[in-house]
There are 2 protein chains.
Amino acid sequence: MIIDRNSPIPQYFQLQSWLIEQIEQGLFKPHDKIPTEEEITQLTGLARATIRQAIQNLVAMGYLYRKRRLGTFVLSQSADANKNTMVGVLVHDIRSGYAPEFMRGVGDEAARHNFSIILCNTDDLFSRAEFHANQLIHHGVTGLIFMPTAATPGKNLQLIEKFHQKNIPVVLADREIPGNVFDIVTTDNFQGAYDLTCFLLNKGHRRIAITLSTLFSSERARLAGYKQALIDHEIEPASSLQFTIDERFIEKQYEHYAKIILAERKNYTAIIAGNDPIAYILYNTAMEMGIAIPDQLSLAGYDDLTFSSAHPMELTTVHQPIYEMGQESMKLLLQRIHNGAGAPQSIVLKSHLVERRSVQPIKSI
Amino acid sequence: MIIDRNSPIPQYFQLQSWLIEQIEQGLFKPHDKIPTEEEITQLTGLARATIRQAIQNLVAMGYLYRKRRLGTFVLSQSADANKNTMVGVLVHDIRSGYAPEFMRGVGDEAARHNFSIILCNTDDLFSRAEFHANQLIHHGVTGLIFMPTAATPGKNLQLIEKFHQKNIPVVLADREIPGNVFDIVTTDNFQGAYDLTCFLLNKGHRRIAITLSTLFSSERARLAGYKQALIDHEIEPASSLQFTIDERFIEKQYEHYAKIILAERKNYTAIIAGNDPIAYILYNTAMEMGIAIPDQLSLAGYDDLTFSSAHPMELTTVHQPIYEMGQESMKLLLQRIHNGAGAPQSIVLKSHLVERRSVQPIKSI
DNA sequence: ATTGTTTAATTGTCTATACAAATATACAAT
DNA sequence: ATTGTATATTTGTATAGACAATTAAACAAT
């Protein structure tokens with residue numbers, strides 16, 4: 001029987017559910033005519049008004065359409081057409097670093113599947129991220145790509161939870177949330193920094209400094225790779241050569257810090273910058289201080305931003321496959337959107353060294 | 001009387017319209033309780049089922065909400081909540097030139113008004129733009145910010161028409177569509193180039209070359225400004241010093257072209273690049289050819305991209321208020337969304353010269 | 001102070017019935 | 001061949017009435 005008259009579930013609702021089932025199981029196919037109201041009356045014993053209530057709900061939900069004199073029909077893509085093909089992308093600042101390249105990767109992959117992307121700048125502030133999260137949910141996005149903010153893990157989790165509660169899949173990009181496992185696409189920061197450090201060691205450098213921000217998992221992994229490379233070459237990593245900050249990167253402040261770092265340059269022959277923008281600040285500061293790069297000091301970066309290839313310094317750096325990171329993030333997200341949740345996946349993309357001219361070998365070796 | 005029983009308009013529909021009117025005129029205010037079904041029965045003489053039909057439609061439309069035992073109430077933002085707060089932004093390539101800065105300006109202004117932006121990369125191809133246009137309309141955006149593609153005016157118009165047919169306002173950014181008047185936000189390219197050329201003239205330069213692409217109105221205006229400045233200084237603009245291309249800007253091709261341009265450098269003492277990226281290509285090519293800038297040749301750009309301030313060349317260029325262009329585009333769009341169409345507005349933002357060190361005065365003067 | 005019970009108001013569900021409007025189809029008239 | 005007309009079918013609109021479920025508020029019991 002289609003209708004259980006003793007059930008507490010309203011009968012119109014039972015009929016509705018039954019009809020949806022028939023459609024989704026393909027028993028009523030797109031453009032098929034479903035039974036007329038009169039026929040359903042006989043099928044179920046319900047009054048016509050009740051049947052109409054059910055049918056009209058389904059029309060509103062996009063399952064059915066009606067034509068006078070002809071009957072009621074199944075809509076082509078049944079409710080799937082109603083499904084949004086928009087995803088949100090929360091980035092730090094579209095202007096900074098590799099964000100444009102990343103967005104382009106996301107955007108291209110999205111377009112290939114007829115999805116659109118909503119761009120949100122968080123300035124790495126939780127409050128902004130939260131604002132945009134609410135907006136995105138209100139817009140009915142079907143997925144989110146999220147670069148965690150510099151806020152505490154708890155706050156980032158809270159934000160993700162908001163989406164998960166609405167069954168909206170989330171893919172993290174670039175940065176992890178410590179102590180938690182989610183779908184994530186990153187580059188191999190540890191290996192990249194390890195390889196870069198080994199490269200410097202092979203060039204004869206023994207006292208290698210590093211400067212970066214420990215705020216993000218990505219840069220922390222680079223620090224770890226740097227240390228491991230030193231240890232594997234039987235060099236004890238000296239904390240005096242690790243110029244780390246645990247704050248947000250702000251250009252003006254870093255210019256000041258760069259002077260302090262370079263003032264101690266007698267203690268090292270090479271320095272690794274946690275990312276390319278920092279490398280450029282170091283370079284400019286070094287120029288001001290009359291330190292020649294690479295003759296007096298070798299400098300390496302990390303990121304290989306697009307304009308790094310155009311810059312006359314010709315920075316030796318680690319190329320991150322940022323476009324691919326965007327693409328893969330979107331691919332993973334689409335998979336979640338279409339196939340539902342599953343065991344969290346972690347995609348790690350390989351980085352590779354780009355040797356240019358900002359590193360010189362130590363001759364005494 | 002609320003209901004005209006002789007009208008061919010269904011009575012539930014008449015009631016519906018009446019209720020909407022009350023709400024929109026503010027007679028029923030947000031969170032106000034509207035009369036109960038029983039009361040409306042007495043008010044109108046309609047059967048309760050008819051009244052319910054009207055009310056339930058309004059609930060579906062987002063005008064009302066109901067609470068058992070309590071009554072039916074007006075929703076806070078009545079149907080406005082249903083209104084989408086998404087706008088599309090069609091840019092060339094988010095990675096190139098000032099696009100990130102522009103998007104940020106758009107995004108910040110949008111966020112301030114609780115709007116979100118959908119980012120679309122067109123690669124300056126009409127087919128891509130058309131694809132995204134269809135997507136955006138399908139998503140139900142309430143506005144569009146559009147940087148016209150390099151396609152013919154006709155095709156760009158066709159695209160805009162698509163939005164206008166759906167009553168979706170469109171604001172053009174940066175580039176005009178020749179022979180047509182729309183809402184548009186640009187920078188004063190003519191004046192900027194005029195000022196820049198005057199600056200070079202004041203430094204004693206008389207033979208000033210220029211290289212740019214004539215594909216876009218913005219660069220054509222710069223060319224015009226350059227010519228006018230020369231004429232105003234009683235110098236006949238020589239076509240042999242105008243190295244224009246009418247193709248899309250492609251870095252590799254331009255590197256080749258740069259060599260040809262620089263081979264003729266005996267004919268001029270200064271050169272204006274149509275935009276900063278071209279200036280950097282000229283700079284790098286000049287370096288390769290052993291031409292010292294600014295000692296042997298003065299170079300000026302146009303755009304003042306963010307990394308221009310960090311680049312060691314220290315390019316003298318014209319700063320374009322790109323962030324503001326994004327902001328103003330969004331402001332104008334919001335005005336159209338909220339107040340409807342009107343006489344097309346053209347907002348022209350002032351550019352200003354940024355003097356750095358890539359231009360040297362001619363000593364013989 | 002908290003918890004349970006009753007009451008009344010209001011919306012929610014459902015039936016039975018009637019006529020209106022639209023429209024595909026068949027057929028007739030021109 | 002086109003136009004008009006009738007007909008049957010189906011959804012659309014509308015009514016009257018009944019009972020169910022929910023719940024704010026008042027009241028009672030502990």
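First the proteins, then the strands, lettered A, B, ... as listed; each starts at 1. Remember, it's a predicted structure, so these values are computed and weren't measured experimentally.
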*Considering only NZ, NE, NH1 and NH2 on the basic side and carboxylate oxygens on the acidic side, decide whether A/Lys162 and A/Glu130 come within less than 4.0 Å.*
yes

*Could you tell me whether the phosphate oxygens of D/dA14, OP1 or OP2, come under 4.0 Å of any side-chain nitrogen or oxygen in B/Gln11?*
yes

*Per the salt bridge (charged side-chain N to carboxylate O under 4.0 Å, His left out) rule, which among B/Glu37, B/Glu39, B/Glu38 passes with B/Arg48?*
B/Glu37

_Euclidean distance, atom CZ of residue A/Arg52 to atom P of C/dT15 [Å, nearest integer]_ = 15 Å

*SB check A/Arg112 A/Asp108 (cutoff 4.0 Å)*: no

_Whole-Å gap separating C1' (D/dT13) and CG (B/Asp4)_ = 15 Å

*When you measure from the side chain of A/Thr36, which nucleotide among C/dT13, D/dA24, D/dT11 comes out closest?*
D/dT11

_side chain to side chain contact (heavy atoms under 4.5 Å, CB included) partner of B/Phe28, chosen from B/Leu64, B/Ile23, B/Ile20_ = B/Ile23

*What integer distance in Å separates A/Gln53:CD from D/dT11:P?*
17 Å

*Over how many whole Å does the gap from A/Lys33 atom NZ to C/dT23 atom C1' extend?*
13 Å

_Side-chain N or O of A/Thr50 versus OP1/OP2 of C/dT13: is the shortest distance under 4.0 Å?_
no

_Residue met sooner reading DNA chain D from 5', once A/Pro8 and A/Glu37 are mapped to nucleotides_ = A/Glu37

*asked:* Check this for me: does the side-chain of A/Arg69 come within 3.5 Å of the base of C/dT23 through a donor and an acceptor?
replied: yes

*For the pair made of CD1 in A/Ile55 and C1' in D/dT10, what is the distance, rounded to whole Å?*
11 Å

_A/Asp93/A/Arg128 salt bridge by N-O under 4.0 Å criterion_ = no

*Between A/Arg48 (CZ) and D/dT13 (P), how many Å, whole number?*
11 Å

*Measure from CZ on B/Arg68 to C1' on C/dT7 and round the result to the nearest Å.*
17 Å

*Would you indicate what A/Glu38 reaches in the nucleic acid, counting non-hydrogen atoms under 4.0 angstrom: base, sugar-phosphate, or nothing?*
nothing

*Please work out if A/Tyr12 contacts a base, only the sugar-phosphate, or nothing of the nucleic acid, heavy-atom cut-off 4.0 Å.*
sugar-phosphate

*Find the distance B/Arg66:CZ to C/dA9:P and express it as a whole number of Å.*
18 Å

*Between B/Thr72 and B/Ala49, which has a closest nucleotide on DNA chain C that is more 5'?*
B/Thr72

